Amino acid sequence: MAGAEFESLERCLEKHLPLADLREVKRILYGKETRELDLPSGAFEAATKGDFELLGCAFEVAEEQQRRPRTVRVGLVQNRTPLPADTPVVKQVTALHRRIAAIAEVAAMCGVNIICFQEAWIMPFAFCTREKLPWTEFAESAEDGPTTRFCQELARKHGMVVVSPILERDSEHGDVLWNTAVVISNSGAVLGKTRKNHIPRVGDFNESTYYMEGNLGHPVFQTPFGRIAVNICYGRHHPLNWLMFSINGAEIIFNPSATTGVLSESLWPVEARNAAIANHCFTCAINRVGEERFPNEFTSGDGKKAHQDFGYFYGSSYVAAPDGSRTPGLPRDRDGLLVAELDLNLCRQTSDIWGFKMTGRYGMYAQELAEAVKPNYSPNIVKE
Ligand SMILES: NC(=O)NCCC(=O)O
């Protein structure tokens, strides 16, 4: 299993394929080619100085006669945790705030309207350990915790919508912990929050030890830059989770994640892209990067020897469009900012061509599902 030494699928294809073959392979694997965005040279200089990759792409969309283009720039941020996991909690959070502030500065230079960070971006992904302290100390109020206040500053300063996935502590309701994304309007106001609906119980993803399945349904947030929703990590394996955000009108669905190579890397390019196609919307898949080591060894009841790391977080963040086209991924081995220019008109244009919403037969599924979840349901199997 490759770690940091394998930079990216794209670089590998570019290195080894003759140009004509590369074009065909990309057409099949990536759909209609995206255009390189003309970003300011100062942004590239700042990215080089800050030691992160900056990639800019735009999706080509047909002009309409009756609607003006609805052009939006999204910024996807993937990053390593800058300090070791055994550094005091406040120092780690401060270092992460500093890192993200620097990347957001570059996003602002690139005209980003909506920025989204990786899952639980304020902490190492310590849920593998099943230990409570110090990891639960990273939890904060979604409404007025230090990270939300930090993001409000960012939103005001740059006029951006900020999607901030955190570990939430709800002190008003029994100190319960949640895996939550806070959505902050470009005005700086907290627009609302959404909670992770599906909690993994696979490999070292021992997240059910920490928080419960979300109880807020599938909210969609109306922003000046379009209607957005957040499907947190493991929710991307659940087509109905994407569907419900789309049924509530989402035009862009962010998928902030933390996932490792052995488990999911072959699924990664497929799932968010398929969700964009199936739901006539844009999807933004974001993954963290690198290795995180924890002070104590742990096991997860899967026969593996006790270990202290989670495996390799492979980055590779990308944006997929409703017509099935997608951007290249950010690298597997570096922090990065992907700036993608979307014209939201593509959602309805694709819907008019393929008509998945029109042909969806949701009423039939609703009835069948309502029956299927009953305890005495017997599956509809026809036998000789
Ligand atoms: N963070 C998280 O839910 N990871 C689970 C593994 C995966 O979905 O790839």
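Note that ligands are numbered from 1 as they come in the structure, with each ligand's atoms numbered from 1 the same way. This is a predicted model, so every value here is computed, not measured.
Across every non-hydrogen atom of Gly290 and Tyr312, the tightest pair is CA-CE1, 3.6 Å.
Contacts of ligand 1 (protein heavy-atom distance under 4.0 Å) are Glu119, Phe125, Lys196, Pro200, Phe205, Glu207, Cys233, Tyr234, Arg236, His237, Ala258, Thr259, Leu263, Ser264.
Residues satisfying the side chain to side chain contact (heavy atoms under 4.5 Å, CB included) criterion with Ile381, sequence neighbours excluded, are Pro379, Lys383.
Through direct or relayed side-chain contacts under 4.5 Å between Ile, Leu, Val, Met, Phe, Trp and Tyr, Leu240 connects to Leu243, Met244, Ile247, Tyr362, Leu369.
Ring centroid separation for the pair Phe310 and Phe127 does not come in under the 6.0 Å cut-off.
Every pair passing ring pair (Phe, Tyr, Trp, His ring centres under 6.0 Å) that includes a residue from residues 327-354 is listed here, sequence neighbours excluded: Trp354-Phe356.
A tilted orientation is assigned to the rings of Phe150 and Trp121, their planes being inclined by 30° to 60°.
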